[in-house]
2 protein chains.
Amino acid sequence: MVQFVHPAKEDIKLEGILGALADPMRLRIMKSLMGNEGCMSCSEAAPCPNIAKSTLSHHFRILREAGLIHTAKKGVENRNIVRTEEINQLFPGLLDLILKLSEEQ
Amino acid sequence: MVQFVHPAKEDIKLEGILGALADPMRLRIMKSLMGNEGCMSCSEAAPCPNIAKSTLSHHFRILREAGLIHTAKKGVENRNIVRTEEINQLFPGLLDLILKLSEEQ
DNA sequence: TACATTAGTTCAATAATAATGAATTATTGA
DNA sequence: TCAATAATTCATTATTATTGAACTAATGTA
């Protein structure tokens with residue numbers, strides 16, 4: 001049985017957030033997740049098809065362990081959702097700003 | 001003669017900025033530089049004394065090549081200054097927000 | 001029930017990046 | 001000229017990322 005590691009809200013660190021977002025693929029995953037209301041499976045949110053699924057899994061783990069997303073197994077797939085409320089309480093404006101700025105590049 | 005590499009404004013990338021700031025020491029260096037009006041030498045801006053100077057030099061290089069700071073050799077030391085105006089034009093609000101949020105941790 | 005499919009994880013190996021001691025460069029001052 | 005200072009570069013080691021292969025768990029189907 002797979003057990004996902006999610007940090008408690010108080011253990012979410014700014015450096016972890018920045019490090020997790022400091023990667024083009026992870027930024028794109030976050031954009032997918034934020035654009036889509038509700039949950040997405042890993043492969044749905046994946047930015048490009050020609051990527052090893054082990055790599056994808058790794059990136060989701062980074063996002064999860066930084067506290068950016070919550071993952072739950074539902075049936076055969078994972079449902080991923082951004083921890084929007086908690087992140088916004090901890091770091092007001094950060095997520096929206098970064099995602100907005102990344103659009104403009 | 002040491003030649004510093006500074007990206008042109010249009011080559012400064014959000015991911016590079018985030019990656020450069022995704023490190024506690026570099027965040028603290030940036031805080032030093034932003035708190036202090038004007039330039040600072042590398043060792044002035046260093047967050048702790050017990051750090052290898054090669055490591056410090058490495059961190060300044062990361063900040064420089066991400067486009068966050070400008071370095072110029074002046075006499076025996078380097079004068080480092082944040083590229084505030086350019087960063088703020090490219091990514092309005094980002095730098096101040098990240099530095100502000102990092103204070104609160 | 002058994003077998004295949006799907007979605008994703010974990011493991012192990014390799015590739016890339018970070019940290020640091022030692023040696024070096026360049027400037028200043030005695 | 002020689003020593004001191006500030007920082008870089010180089011070479012080595014340590015850490016982190018990427019990926020193929022093997023595995024797990026849920027679902028669908030004959």
Would you tabulate the pairs of protein nitrogen or oxygen atoms and nucleotide nitrogen or oxygen atoms of nucleotides 14-18 of chain D closer than 3.5 angstrom?
from	atom 1	to	atom 2	distance (Å)
D:dT18	OP2	A:His59	NE2	3.4

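Pairs passing the ring pair (Phe, Tyr, Trp, His ring centres under 6.0 Å) check and including a residue from residues 63-87 of chain B, sequence neighbours excluded, read B:His6-B:His70.
Across the protein-nucleic acid pair, B:Leu56 atom CG and C:dA22 atom P stand 18 Å apart, rounded to whole Å. Between the P atom of C:dA18 and the CE atom of B:Met25 lies a distance of 14 Å, rounded to the nearest Å. Regarding A:Lys73, its NZ atom lies at a distance of 11 Å from the C1' atom of D:dC23, rounded to whole Å. Separating the NZ atom of B:Lys74 from the P atom of D:dT8 is a distance of 17 Å, rounded to the nearest angstrom. Atom P of nucleotide C:dT6 and atom CD of A:Glu77 are separated by 13 Å, given to the nearest angstrom. Atom CZ of B:Phe60 is separated from atom C1' of C:dA19 by 16 Å (rounded to the nearest Å).
In the set D:dA21, D:dA26, C:dG8, C:dG8 carries the atom at the smallest distance from any side-chain atom of A:Lys53. You'll find that the side chain of B:Phe4 is closest to D:dT8, out of C:dA7, D:dT8, D:dT19. Set against D:dA7, C:dT20, D:dT19, the side chain of A:Ala52 has D:dT19 as its closest nucleotide. Each of D:dA6, D:dT8, C:dT9 was ranked by its minimum atom distance to the side chain of A:Arg64; first place goes to C:dT9.
With sequence neighbours excluded, no residue forms a side-chain hydrogen bond (donor to acceptor under 3.5 Å, both in side chains) with A:Lys53. In this structure, A:Ser57 has no side-chain contact (heavy atoms from CB on, under 4.5 Å) partners at least two apart in sequence or on a different chain. Every salt bridge (charged side-chain N to carboxylate O under 4.0 Å, His left out) that B:Arg83 has, sequence neighbours left out, goes to B:Glu86. Scanning for side-chain contact (heavy atoms from CB on, under 4.5 Å) contacts around A:Asp96 gives A:Met34, with sequence neighbours left out. Taking B:Thr55 as the reference, B:Ile51, B:Ala52, B:His59 meet the side-chain contact (heavy atoms from CB on, under 4.5 Å) condition, with sequence neighbours excluded. By the side-chain contact (heavy atoms from CB on, under 4.5 Å) test, A:Leu94 is found to be paired with A:Leu14, A:Ile17, A:Phe91, A:Ile98, B:Leu97, B:Ile98, B:Leu101, residues two or more places apart in sequence or in another chain being considered.
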For DNA chain C, the dot-bracket pattern of Watson-Crick and G-U pairs whose distances stay under 3.5 Å, | for other-strand partners
||||||||||||||||||||||||||||||

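Side-chain N/O atoms of A:Ser57 and base N/O atoms of C:dG8 include no donor-acceptor pair closer than 3.5 Å.
For the atom pair CG (B:Asn78) and CZ (B:Arg64), the distance works out to 7.0 Å, reported to the nearest 0.5 Å. Annotation: the span from B:Glu15 atom CD to A:Asp23 atom CG amounts to 7.0 Å, rounded to 0.5 Å.
At the phosphate of C:dT10, OP1 or OP2 sits under 4.0 Å from a side-chain N or O atom of A:Arg61. Phosphate proximity of C:dT9 to A:Asn78: present, with a side-chain N or O under 4.0 Å from OP1 or OP2.
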